[in-house]
Structures are given as C-alpha cells and as structure tokens.
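Shown next, in structure tokens, is the structure this report addresses.
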Number of protein chains: 2
Amino acid sequence: MENEGQGKGPHARVLETLGPEITAGDFPPGTVLRTDELAERFDVSRTVVREVIRVLESMQLVVSRRRVGVTVRPTEEWNVYDPRVIGWRLAGRDRPRQLRSLTVLRSAVEPVAAGLAAAHATPDQCAELTGHAMGMVATSRGQQLDAYLVHDTAFHRVILTASGNEMFARLADVVAAVLTGRTQHHVMFTDPDPAAVTLHVQVAEAVRVGDAARAEALTREITTGAMAELDVLAP
Amino acid sequence: MENEGQGKGPHARVLETLGPEITAGDFPPGTVLRTDELAERFDVSRTVVREVIRVLESMQLVVSRRRVGVTVRPTEEWNVYDPRVIGWRLAGRDRPRQLRSLTVLRSAVEPVAAGLAAAHATPDQCAELTGHAMGMVATSRGQQLDAYLVHDTAFHRVILTASGNEMFARLADVVAAVLTGRTQHHVMFTDPDPAAVTLHVQVAEAVRVGDAARAEALTREITTGAMAELDVLAP
DNA sequence: CTGTGATGTAAAAGTCATACTTAATTGGCT
DNA sequence: AGCCAATTAAGTATGACTTTTACATCACAG
C-alpha cells in the first residue's frame, strides 16, 4: 500500500502525504517547494495543491511567499497542538520525542484538571468515573490490556471534560493517543501496574466526595508514574 | 474603518472577517454558509472563499459537506489551541471566558515548566531571567505598567522555553496575550502587586540555583495569584 | 576599481472566470 | 417502506491574467 488516504479525494490524499513528510523532517527547514512541482508530483490541479498549502500554512508548517515558493518552517514554529500534526508526528520517526512531550504536558494538566473536576463534576460524571475505575480493576489482570485501555482512556477523558475548562477538555484526544501509544509498546506482555489501578480508584473517590486537593495529588502520582515508566522504556 | 485586514489581499481579508464572526458566535452552531453567497458577500472569487473555508475547516470551526454547504461546528469541537482562534476570541465578546480558560491553563503549565527550567536552563537563560526580574522590580512603581509588562512577558517566555518542552514553549505567545490583556484592564491605575514582583525575583533565583521544587512552588503562587486577581476583576 | 543605489526583468504565488465532475439529499414513484 | 431519478452545492480542472519581489544588471559617485 503506497498511500493510506485513497478513498478520500485528492485534497486529503495530498495533505495526508505531504503533512507527514514535513513533520517527519523529510524536508529540512528552509526547503522550498513549488506548487507546480507538487501538482505534477501528485497529479492533481494547482487548485488542490494551493488549498493543501493553505492548510499546512495554517498549521505553521510552511510559509508561502511570492516569487520564492513554499518554505518549510523550523520545528519550533509548528502548531504542535494541532491534532493532525500530533497524529503525524506520533506516526512518524520522532514518535518517542513526541510521546515524551505529551507525557510532560499530561503531568502538568491532568492533576489540575482532576482538582477542578472534584469541584465541578456532575453526579453523572462521578458515576462514569467510578464505573471506568472499576472497569480498570476488573481488566487489570490476565492479559486484557485492550479492554483495560478502553476504560483507562475513558477515565481520563471524563476527568478532563469534567474539569469544566475547554482547553483541558480538548486534550482528551491527545491523552487517549498517548495512552494507546504506550500500550502498543508493551504489547500484551505485562499487566498494568497494580498501584496505578489503585490510584485511579482513589481519584474517582476523591472526585466523588469533592476533595480537590486529594484528587490533584493522586493524579499527580499517576502522571509522575507515567513519566517514570517512559524513562524505563525509551532512551 | 470597516475592516482591519485591508492591505493583505483578499484571502486574509475574508479570513480575518469570517473567523472572528464565527468565533464570536455570530453564526450559531449548525448554521450553513454557502460558498457562492460568501463569494458574493466579499466580492471575491469562489477560489478565495474555498481556500478560506479549508483553513477554517482545519481549525475545526466549520465542516464542509457536499450538497449541504459549510456548517458551523459547536464550540466544543473548535481547535481552541490555534493561535488565531485564541486571538479572535480574545478580541471578541467572550473575551472574559477565554481569559479565564487561559489563566487556568497557565496555572497548570507554568509551575511545571518552571520546575523543568530549573533543571534545564542554560546560564544565558538564567541571566535573561534575573535580568527581566530586576527589570520588573525597577518598573514596578510609578505608573510604568508598559515597561513592566515587557519584562513580565519576557520573563514568562524564558521560563516556558527554558523548560525544554516544545509544547510548553509554544504557549509563550498565549501567556503574553493573557498578560497583555490583563494589563489593558487596569489601565495604568494601579501598580503591580509587590508580592508578585518579589515572587518573580525568587523564581529567577530558584531556577539559577537549580532548585526545581522551589521554582515550581513559587510559580504556583504566582499563577494562583493571577487567578485570584481575575476573580476580583471579572464576574 | 569598488561599493552603493536605481531600474528592469522574470519567476512564482495569487486571483479570477468558467466548465465540468461527484456525491448526497430530496422527493416522487412504484 | 423502498428504490430511483433529479437537483443542488461542493470538489476539481484548466487557462488566462495580476501582483509581488528576489535578483541581476547597469549607472554613478567615491
């Protein structure tokens, strides 16, 4: 299979090819691409190429200037919060680096989000939370990592949305990607850390009773654990 | 002056008009816009409108579907981390809400960033940091809020970049916008809180000597102070 | 001879108009 | 209810034209 974006029309096909190439670093910063060349390479009209370029430009991956062409921007200027950029980088070669950045971000955001969730969570959300925590307990032994992962991601998604902060809520997908990525590494070899499971149960409880400080502290333990785990696995 | 984006070409003009309108909520979620109408309204070709739509679509502000049109998406799905979206919302009518979200985000991120900065900052960055802290001290009295603001934003920018985490570093502009926005409210009426100034000096010192825990704790004081300040000023 | 500044040219993005294709909603018909 | 056709609006292609601007050329002063 040459390209993954085949049934989606030319625009998506070009974007889903060029984007990953750029984020993977195939074109060093400063490289100039010309729209005519791209049109020829992908066998599409200049119209399609221009629209793709505009999207890449809105991600700050490239800058388009008259008489010079489309220039690839340095990494530090990229919109690293754009979900597609995150996805591309997670799929590409600096996946470890990206995973690390995101885990650090998690360690900053999730504890605060948990604290806010303790103050703002609705009864429904509390129920969801304890449900998923119990689900994690139930699936934490006996090579059921897939089912465990479902509950784990759902748990963190509820925390982030229950925080009541839109910025936190929008990180739910990112956290899900990190958790999924992590699981894909120790593929079904080791059951999840029992201590982590316990912590999730305790967080759910703290949120339920509205103990913000405790929810925050416990979540901080979870995320620092996640970072430690990352240090063990990656260089 | 009708539009601010005049010397920038049709594309920028349309984007800088339509984007703010959408983020301001002028079009309730579910509203459909048709490209032909927009082309007529702005007196540009469909080409330009389509490219703008593609950009708005990449910000998740709208979704474009055949035979139906361009539909405005609900707020929860927007790319709230896109710098332009942030800017538009800060300029629009739910500026208070946005300012609050961002301040909460700051309270999560900056302390952790400061802790990392204490571990990773180069001597140059330490020097910059203390320089700006001293600059804040020097400009903290006598209605010099403008000069103070310059040092303040620079200070936080150094912290975020010195953390060594790309995701944190990319929030520097956002934090700058928040600080600027805050200053624009108490316009030259009150000098900055002396306690806050002292905290910045202490953070610079903690970073310099590599005391991560102290840097984090002190920064947490700064950000909680910022949140408290916001509660006083806004409903 | 050299450095500096004006000028002209060409290259590439930007815009426009138009014709055509494709997908999906709608409504009518069986 | 289910299927089919008509219609609608986005998507794509093409070609002509405009605008900006990097770059080279040349003139002139030092």
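Numbered from 1 within each chain, the chains take letters A, B, ... in sequence-line order. As the structure is a prediction and not an experimental result, all values here were calculated from the model.
- In the set C/dG14, C/dC16, D/dG11, the nucleotide with an atom closest to the side chain of B/Ser64 is D/dG11.
- When heavy atoms are screened at a 4.0 angstrom cut-off, B/Thr47 is found touching base atoms of the nucleic acid.
- Between the NE2 atom of B/His11 and the P atom of C/dC16 there is a distance of 12 Å, rounded to whole Å.
- Residue A/Glu51 contributes atom CD, which lies 16 Å from atom P of C/dA13 at whole-angstrom precision.
- Using cut-offs of 30° and 60° for the angle between ring planes, the B/His151 and B/His132 rings count as tilted.
- For B/Arg67, counting side-chain heavy atoms from C-beta on, the closest listed nucleotide (C/dA23, C/dT15, D/dT21) is C/dA23.
- A donor-acceptor contact under 3.5 Å links the side chain of B/Arg46 to the base of D/dG11.
- Atom pair A/Asp43:CG and D/dT12:P shows a separation of 13 Å (rounding to whole Å applied).
- For the residue pair B/Thr103 and B/Met227, the shortest heavy atom distance occurs at CG2-CG, 3.5 Å.
- D/dA10 atom P lies 8 Å from atom CZ of B/Arg34, rounded to whole Å.
- Residues A/Arg34 and A/Glu37 are paired through a salt bridge, judged by an N-O separation under 4.0 Å between the basic side chain and the carboxylate.
- Put simply, CD1 on A/Ile53 is 15 Å from P on C/dA12, counting in whole angstrom units.
- Two residues are said to be in side-chain contact when any heavy atoms from C-beta on lie closer than 4.5 Å; A/Leu61 and A/Arg73 fail this criterion.
- For the atom pair CG of A/Leu33 and CZ of A/Phe27, the computed distance is 5.5 Å after rounding to the nearest 0.5 Å.
- Along DNA chain D, the nucleotide nearest to A/Val48 and the one nearest to A/Arg65 differ in position, and the one closer to the 5' end is contacted by A/Val48.
- Distances from the side chain of B/Arg50 to the nucleotides C/dA23, C/dT15, D/dT12 place D/dT12 closest.
- Atom C1' of nucleotide C/dT26 and atom CZ of B/Arg66 are separated by 18 Å, given to the nearest angstrom.
- The CG atom of A/Leu15 sits 12 Å away from the P atom of D/dT12 (whole-angstrom rounding).
- Here the P atom of nucleotide C/dG14 and the CZ atom of B/Arg13 are 16 Å apart, to the nearest Å.
- Of the candidates C/dT15, C/dA13, C/dA23, C/dT15 carries the atom nearest the A/Arg54 side chain, counting heavy atoms from C-beta on.
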